Amino acid sequence: MIMDYLSSLNPPQKEAVERTEGPVMIIAGAGSGKTRVLTIRIAHLIHAHKVDPFQILSLTFTNKAANEMKQRIERLIGLEARNTWMGTFHSVFAKILRVEAPKLGYPGNFTIYDSDDSKSLIRSIVKEMRLDDKVYKANTVLSRISGAKNRLISWETYINDPFILADDEAAMKPRVGEIYKNYQKRLFRSSAMDFDDLLFNTNVLFRDHPDILNKYQQRFRYVMVDEFQDTNLSQYLITKKLAAVHQNICVVGDDAQSIYAFRGADIQNILNFEKDYPDLFVVKLEQNYRSTKNIVETANSIIARNKSQLKKNVWTQNDNGDLIELMKAASDNEEGRMVATTIFEEKNNKKLNNSDFAILYRTNSQSRAMEEALRKLGIAYRIVGGLSFYQRKEIKDLMAYFRFVVNHEDEEAFKRIINYPKRGIGNTSVEKMMVAAYEHDIPLWEVITNSKSFLPGRAANAVEDFCTTIRSFKIEVERKDAFEAATSVAKQSGLLRELYEDKTIEGLNRYENVQELLNAIKEYVDNPENEDKSLGAFLQEIALLTDEDQNKDSQDTVTLMTIHSSKGLEFKYVFVVGMEEDLFPSQMMMQSREDLEEERRLFYVASTRAMDKLYLSYALTRYRYGRLLNCEPSRFLEEIDPTFIKVNKKLSTSMSGSFRESEGKSGFVGLKKPPVRNATARVHSPSPDFKPSNTNNLAAGNKVEHPKFGFGKVISIETEGVNRKAHIHFDHFGDKTLLLSFAKLHIIE
DNA sequence: TCTTAAGCTGTTTTT
DNA sequence: CAGCTTAAGA
């Protein structure tokens, strides 16, 4: 059976499969059958070389990719395939850390903090250190810390490295190192690791415990890394160490598709791989089987402008296919309408399914306009990523209960649930308890169980009740399976009742979401593949799941997602929307030449998802943060060789001057253009003689200045009891109704 | 301590 | 715009 597959491979593919020993690097262009090669290679190892599946470790980028590969191998060689180690870096090494964590002083039931938890923790640390949270923004600080961890810089190294300190000093953030230190200490106290810790601590484990390293080196005789261009130093060193004994390391990647630098991915890993392994065997897969010539050439024409890349020549034998179609819309809403209409028509004309279409965008917020348009035409769609199910408040709340029952030291979980539902324990009490734990250097749980010594009577009683509840949950969790325990926790905690009583639409949704979480747990328990049916096991399972890993692809839907999450997928028809300067390429990324190159690679990834036809679209105006902005076409549109492009005339003519009225059902209305303002007008520096004045005698006709909105003229004043409303026309922001911020107004005349 | 409402602020991508 | 924080009143 394997032989059939071997003969179906082209020569370089075959080489890649058959070269099983020693270091191998496969440079795989887009659509070159990479996954196929990888799966056949693994099947070949097991089948032809009689390698025990337990000895093969494959690291992929997403859980989805891992599952898909597993299924494919299973089809090739049967159930044996299940025994290979396959998963993301994070999930595989989290699994290993569950076993080995005690060696690092962590309990095996450590919690994994997602970035929301991390940010929240940083926020409280910044507050405790009495630092300005506008200077030390959680996002910025976290990415700084994360960057350090990805490069294996511990907080000890960080605060002693003169270069890093100088860097922070220059950025006017000299105390990031201290925050890093406190952050790590708090994580440790909470028995928690963040995403980066999973890899960082694996490195520490392998560094400090040669016996353990050796154990895994012996176990994994073959190591394979997919999407190698997206590994960071921390990940790279792990694989290098694991493969050090047997040297059977096979990495697969495409430098042209490296799009995760912001997460610490280092393209040098792939560019310099040869230096680390002088006897490296390199295979290039350059034939594209996926896309038409026009699409391949378009992608090539953009990527050719990048300076730093490995030489390769991606080509295809496929037909020319249709030209790339360029669509121009008046607004983001019309862009959505054009895309939706095109899908509708193409679907009917060519007898396609919804699932043959994908809409790709640079930022998640762009999905709005697309959704609305699709909904109006009754086209089923599904959004991948964005606010994931597990990030919703109600889900996080219930999960926080689960987490806290399993790990009593989980501070972030504690803060979420201690007073939700309301039980009369306010912020003051919570802070007192945390301070007590910190000052006496005792576990949080000890403070909670002895609340009488730290809190006034009423609050202490409430905490005691809370404590009893948690204890009873713990007993249930230990005795029952995940589903029964979870249901009981949801009910007894009062959370379910709280949501049930909320009869608003959002409330109903939240209630349903919680039910859905319980269903997911039921599914987990009923799945015979899961041996450990405890709630703790379920938590571990999903901590590293992302939205796209959920298998809901049974229905026929158009797929909407960011370019980042589209990697590895393919669709017959692909729309890349929002081709506007500052959006794609992103303004934030346009700092240096390297960053522009990464945006080009992003375009490369997006366009090579398409098999048959590629559409590019842009809008002339777009709502962003409640403000309508002017847009300019992306520079990428000029960088593409124009011979591959045709402009969609039919739709572009109909657009001039047609704006839709706010929520009118009538659709197009030929109204005068709404005022278009630039974002720069938003920040106003008050004039030197600005002083907020007593505005008691504010009246219509007054000229005023506001620190944020700038200069304006009062149109009218309305009085409702004690409250006053001022309708003011601001020069840059148009009409505004100020209710309270009178204090910030300054009357000029 | 809880509720309500105004004010403020982000503004990229994800394990 | 939307989600969060803050401030004031109950």
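Since this is a predicted model, take the numbers as computed values, not measurements. The sequence lines fix the lettering, A, B, ..., with proteins before strands; numbering per chain opens at 1.
- Here the nucleotide nearest the side chain of Lys137(A), chosen from dG10(B), dT15(B), dC2(B), is dG10(B).
- Taking every side-chain heavy atom of Phe195(A) into account, dT15(B) is the closest of dG10(B), dT15(B), dT14(B).
- Residue contacts for Phe89(A): at a heavy-atom cut-off of 4.0 Å it reaches no nucleic acid atom on any strand shown.
- When rounded to the nearest whole Å, the span between CZ of Arg601(A) and P of dT12(B) equals 19 Å.
- One N or O on the side chain of Asp332(A) and one on the backbone of Tyr623(A) form a donor-acceptor pair closer than 3.5 Å.
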What nitrogen or oxygen pairs link the protein and nucleotides 3-10 of chain C at under 3.5 Å?
none

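- In this structure, Phe262(A) packs face-to-face on the six-membered ring of dT13(B), meeting both the 5.5 Å centre cutoff and the 30° plane limit.
- Atom CG of Asn333(A) is separated from atom P of dC1(C) by 12 Å (rounded to the nearest Å).
- Taking a cutoff of 4.0 Å between a charged side-chain nitrogen and a carboxylate oxygen, Glu372(A) and Arg375(A) do not qualify as a salt bridge.
- Residue Asp196(A) is out of contact with every strand shown, counting any heavy-atom pair closer than 4.0 Å.
- Two residues, Arg624(A) and Ser429(A), neighbour DNA chain B, and the one matched to the more 5' nucleotide by heavy-atom proximity is Ser429(A).
- Straight-line distance from the CG atom of Leu629(A) to the C1' atom of dC1(C): 12 Å, rounded to whole Å.
- Dashed line: the shortest gap from a side-chain N or O of Ser565(A) to OP1 or OP2 of dT14(B) is under 4.0 Å.
- Annotation: ring pair (Phe, Tyr, Trp, His ring centres under 6.0 Å) contacts of Phe110(A) (sequence neighbours excluded): none.
- Residue Asn139(A) is classed as a sugar-phosphate contact, given heavy-atom separations below 4.0 Å to backbone atoms only.
- In this structure, the NZ atom of Lys149(A) is 16 Å from the C1' atom of dT14(B), given to the nearest Å.
- Residue Asn364(A) has its side chain nearest to dT13(B) when only dC2(B), dT13(B), dT15(B) are considered.
- Rounded to whole Å, atom C1' of dT12(B) lies 18 Å from atom CZ of Phe603(A).
- Ion pairing between Asp410(A) and Lys415(A) fails under the 4.0 Å rule for side-chain N and carboxylate O.
- Side-chain N/O atoms of Arg263(A) and base N/O atoms of dT13(B) include no donor-acceptor pair closer than 3.5 Å.
- Side-chain rings of Phe61(A) and Phe89(A) stay apart, their centers remaining 6.0 Å or farther from each other.
- Within the 4.0 angstrom heavy-atom criterion, only backbone atoms of the sugar-phosphate kind lie near Thr562(A); the bases stay farther away.
- For the pair Asp132(A) CG and dT9(B) C1', the interatomic distance rounds to 14 Å; values are reported in whole Å.
- Taking the six-membered ring where the residue is Trp, Phe636(A) and Phe603(A) present tilted rings, their angle falling between 30° and 60°.
- Spacing between atom CG of Leu142(A) and atom P of dT13(B) amounts to 15 Å, rounded to whole angstrom units.
- Heavy-atom distances to DNA chain B give each of Thr363(A) and Ser115(A) a nearest nucleotide, and the one nearer the 5′ end belongs to Thr363(A).
- Between His564(A) atom NE2 and dT13(B) atom P the separation is 9 Å, expressed in whole Å.
- Listed for the Asn269(A) side chain is no donor-acceptor partner under 3.5 Å among the backbone atoms of Gln229(A).
- Using a distance-only test at 3.5 Å, with no hydrogens or angles considered, a donor-acceptor pair links the side chain of Asn306(A) to the main chain of Glu597(A).
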